[in-house]
Visitor: 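Just dropping this structure here.
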Amino acid sequence: MGRDQRYAAWMGVTFMTADNGDVILGDLTLAQREAVTHVDGPLLVLAGAGSGKTRTITRRMAYLAAQGIAPMNILAVTFTNKAAAEMRNRTLALLAGLSLRHGSVPTVCTFHSLCARLLREFSSAIGLPAAFGILDTADQLKLIRQALEKNGLSPENFAPARVLDKISGAKNRLQQADAFAAAATGYFDTSVAKVYRVYEELLAAGKAVDFDDLLLKTALLLRDNAEIRNRLQGRFRYILIDEYQDTNHAQFVIAHMLAMEHENICVTGDPDQSIYAWRGANLSNILEFEKFFPRARVVLLEQNYRSTKTILQAASALITHNRLRKRKDLWTENAVGAKILRICSADEKQEAREIVRRLRDWHERGGISWDKMAVFYRVNAISRVLEEALMEAGLPYQIVRGTEFYARKEVKDVLAYLKLLVNPDDTLSFQRVINVPARGLGETSVSRLADFAAHAGISLPTACRRAEEIPDLTKRAVEAFRRFAALIDSLRILAIPPAGASHLPARQAGTDTLLPGSPEVSRDASGTNEFDPLYDPVLAAETTASTELSTFSADADENSPPGPDSHRDATGESGYPHAAEDPVGSRRFPPIATIMKEVIHRAEFIHESKTRTMDEESLQRQSNIQELINVATEYDRQNPAGSLADYLTQVALVSDVDRLGEKSGAVTLMTLHAAKGLEFPVVAIVAMEEGILPHERALGFQGRAQDVEEERRLCFVGMTRAMQQLILSCSCYRMIMGRSEGRLASRFLKEIPDECVVKIDLLTQERPAGSPGYRDENVDPPRPFRAKPAGYRDSAGKSIAAAEPASAPARFRKGSLVRHQKFGVGRIAELTPVGEKTRVVVEFQSAGRRSLFLEHARLEPVDG
DNA sequence: GCAGCCTTGTTTTTT
DNA sequence: ACAAGGCTGC
């Protein structure tokens with residue numbers, strides 16, 4: 001709410017018209033109104049940075065609803081889940097105030113999640129299994145390596161990342177393997193064409209798609225299937241697409257296919273903020289929108305409500321250096337504001353310390369809460385030195401992806417188990433977890449198993465169950481495989497209760513029965529599918545194995561009907577549940593967090609906790625797994641009807657920014673790319689050096705002029721995130737890949753007018769103490785934050801109170817009582833500095849004496 | 001089959 | 001500087 005009040009207060013003009021007081025239009029500018037009230041027909045909104053684009057979009061959705069259009073007929077597509085969530089919430093809040101006839105809600109999501117949803121809904125139409133998995137980049141690379149190997153190509157000559165890049169590019173252009181092969185010229189491309197084919201085969205075998213497939217398959221579905229296209233055109237009668245400058249060809253086709261009939265398509269974007277050409281974004285989608293939709297109305301939003309005049313002037317000056325650009329003039333009625341600080345340091349450590357010093361000054365003397373400050377950089381690698389400086393100073397901070405949470409090994413391991421439960425054909429996940437934790441199953445045994453599975457045409461988990469049939473396996477390996485199969489089986493019964501399990505025909509004494517026992521299926525006998533917390537999956541696996549195993553069916557999608565001597569039976573079909581089929585609508589599945597805990601427990605993931613000395617690493621692993629459970633618990637709370645498959649889809653499509661905590665009370669560190677769409681009162685952009693901010697890949701002989709222009713846009717995006725105070729920083733030397741390198745200031749720094757800038761040269765630090773130049777507070781006083789409208793101040797004040805560093809070292813002394821989330825309460829026995837960190841020895845009441853790192857252990861002080 | 005050492009590459013940016 | 005993967009010696 002503070003945000004809206006702020007806009008209202010900053011708005012030079014409020015419109016005192018008949019509409020005044022109208023919650024939708026009351027406080028909009030003329031241009032914004034024009035965009036909001038344009039109902040039918042194509043609309044292009046060219047929205048400059050900070051011009052109130054999001055509010056325009058949300059108001060427009062509310063306006064459409066107020067015109068009698070059912071919200072469920074509105075589709076809004078954004079770039080990140082976070083943006084989608086914000087837009088959805090703001091729109092729903094507006095809709096709530098309208099007392100509409102239609103109680104429905106609009107669809108607000110990202111392109112990728114929209115596509116995932118549509119592909120699941122229409123999976124049968126394109127021969128895709130409904131339970132398809134979604135690969136992340138690491139998985140894609142593994143598949144590429146396998147495909148290279150099958151083609152006899154070495155990863156040395158064909159860098160997997162580059163091959164993947166080619167394939168990804170092709171998919172973004174809707175070019176499938178055959179078309180790519182036909183168009184390929186030259187040795188590299190013809191080789192990639194072969195890899196592309198095999199890669200596709202591997203994807204299909206694993207019943208998986210990659211990120212690009214989500215778009216490609218949806219685009220082709222809409223293009224080639226008129227019936228489904230018509231249905232969806234009817235469903236999504238009004239379409240809004242945000243960040244249109246960053247859409248690629250596949251997204252363009254999806255948008256056009258959905259809109260071609262009714263042409264009620266509104267796209268918003270800013271060519272100056274196009275920063276994703278490297279991954280296939282096509283700027284001409286937005287530049288030539290009027291060509292595709294000649295009836296299009298065009299609205300320009302050029303007034304900026306975010307930044308000071310100084311910041312805007314500097315950013316505008318920078319961006320006018322782009323030659324391939326339509327002229328657009330941003331202006332603001334905001335104050336001139338403080339000068340931009342341009343800091344030049346000796347090395348990256350000094351740079352980081354200086355940034356931290358300034359932020360602390362502004363916090364302590366200016367009363368700016370930590371979460372109003374952000375530091376941006378071009379490449380993730382830069383974050384480390386900043387992190388160290390912040391830690392040393394004891395300031396609270398959050399990094400938007402240091403190493404991505406869901407990419408951590410232990411997290412991926414747990415998720416791989418879950419994936420395997422949903423999709424037994426998921427070869428990658430199988431290979432990942434078959435020996436995690438270690439079960440003595442090495443490469444030789446696993447490849448024998450894989451051969452057997454391939455020969456018999458069965459999934460790997462099924463092959464595990466029949467391990468005794470596999471020749472040349474050691475007794476130990478057979479036993480290990482069978483135990484793994486039993487583990488997966490019992491977990492699956494817990495995770496995905498077979499639909500109508502009570503109606504299962506009693507299974508004939510099986511050829512592949514693992515565990516002897518009565519075929520007693522009692523848990524669903526009552527007819528309810530509710531999850532029973534008292535249900536013991538281990539016990540169930542043992543007592544019902546012979547029946548339940550058939551439902552584990554790895555083979556649900558197999559073409560060949562089960563023959564008389566088949567090891568499976570017809571009930572195998574029930575292996576994949578669909579939440580949508582649940583007639584009651586109540587949760588049929590146990591909570592994801594419960595499944596996850598069971599996986600962790602039964603697979604003995606936390607085995608290491610038994611070892612006495614907890615090193616930093618395993619502690620971190622544990623806390624990551626705990627965090628994974630916490631996130632899953634939150635998912636359960638928000639999606640009480642979500643299936644495991646739904647959860648995995650959601651997890652596959654989260655981005656880093658999505659995990660950005662709003663009320664974190666911490667300084668935020670992120671890449672310039674991640675910063676798009678955000679705003680902060682104080683922003684620092686570091687490492688503004690040739691080769692980093694115009695990144696060297698945009699320079700050099702491979703780089704082209706348009707690449708440098710994209711780098712400039714990236715810089716522009718970063719600068720225009722700043723509301724009040726901007727710091728631009730560079731350093732004379734920097735450690736790059738272990739070597740200290742001399743650096744040159746970025747050309748972008750020279751493109752910013754001197755009158756916007758105060759230069760601070762820390763190289764003069766070498767001079768005798770007290771000499772002018774360095775830390776001259778008269779030249780550069782850390783000014784208190786400019787007084788703001790009331791609504792803003794309140795929230796700032798609140799944040800300050802809550803923003804004390806959570807982990808300030810001073811809070812932990814020898815003898816203080818602390819709580820650890822795993823070990824419970826204990827007393828600090830020792831504190832020793834180790835390099836940048838602090839080793840702390842804690843005497844826990846129940847867990848004994850442990851040595852931990854204060855910075856990682858997440859200790860909480862205990863009063864008394 | 002596995003643990004530990006040594007080599008190697010890695011640094012754009014992301015759904 | 002660091003992480004991950006490969007190699008060697010149990």
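Computed from heavy atoms alone, side chains included, the values below leave out hydrogens, waters and symmetry copies. Keep in mind that this is a model prediction, so the values were computed, not measured. Per chain, numbering begins at 1; letters A, B, ... match sequence-line order.
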Visitor: Determine, step by step, whether A/H321 and A/F748 satisfy the ring-ring contact (aromatic ring centres under 6.0 Å, His included) criterion, reporting the C-alpha distance in whole Å, the side-chain angles of both residues, the deciding distance to 0.1 Å, and the verdict.
Guide: CA-CA 9 Å; A/H321 283 80; A/F748 300 154; 8.9 Å; no
Visitor: Can you tell me how far the NE2 atom of A/H112 sits from the CD atom of A/Q251, to the nearest 0.5 Å?
Guide: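 Result: 6.0 Å between the selected atoms.
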Visitor: Report the distance from atom CZ of A/F376 to atom P of B/dT13, rounded to the nearest whole Å.
Guide: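 So the CZ-P distance, A/F376 to B/dT13, works out to 16 Å.
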Visitor: With respect to the phosphate group of B/dT15, does any side-chain polar atom (N or O) of A/S113 fall under 4.0 Å of OP1 or OP2?
Guide: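 No, outside the criterion.
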Visitor: Any luck finding a side-chain donor-acceptor pair between A/S729 and A/E351 under 3.5 Å?
Guide: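 Side chains of A/S729 and A/E351: pair found under 3.5 Å.
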Visitor: Nearest of B/dT11, B/dT15, B/dT13 to any side-chain atom of A/R697?
Guide: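 So the nucleotide nearest the side chain must be B/dT11.
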Visitor: Nearest heavy-atom pair of A/F132 and A/R120: which atoms, and what distance?
Guide: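 In terms of heavy atoms, the two residues are closest at O-NH1, 3.0 Å.
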Visitor: In whole angstroms, how far is the P atom of C/dC2 from the NZ atom of A/K409?
Guide: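 About 22 Å, once rounded to whole Å.
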Visitor: In whole Å, what is the span from the CG atom of A/D472 to the P atom of B/dG1?
Guide: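 Result: 13 Å.
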Visitor: Please compare A/T671 and A/R476 by the position of their nearest nucleotide in DNA chain B and report the one closer to 5'.
Guide: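 The residue mapped nearer the 5' terminus is A/R476.
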Visitor: Between A/F111 and A/S445, which is nearer to the 5' end of DNA chain B once each is assigned its nearest nucleotide?
Guide: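 Closer to the 5' end of DNA chain B: A/S445.
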Visitor: Which whole-number value in Å describes the distance from A/L214 CG to B/dT14 C1'?
Guide: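 So the CG-C1' distance, A/L214 to B/dT14, works out to 14 Å.
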Visitor: Can you check the A/R162 CZ to B/dT13 P distance for me, whole Å?
Guide: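 My rounded result for the distance is 19 Å.
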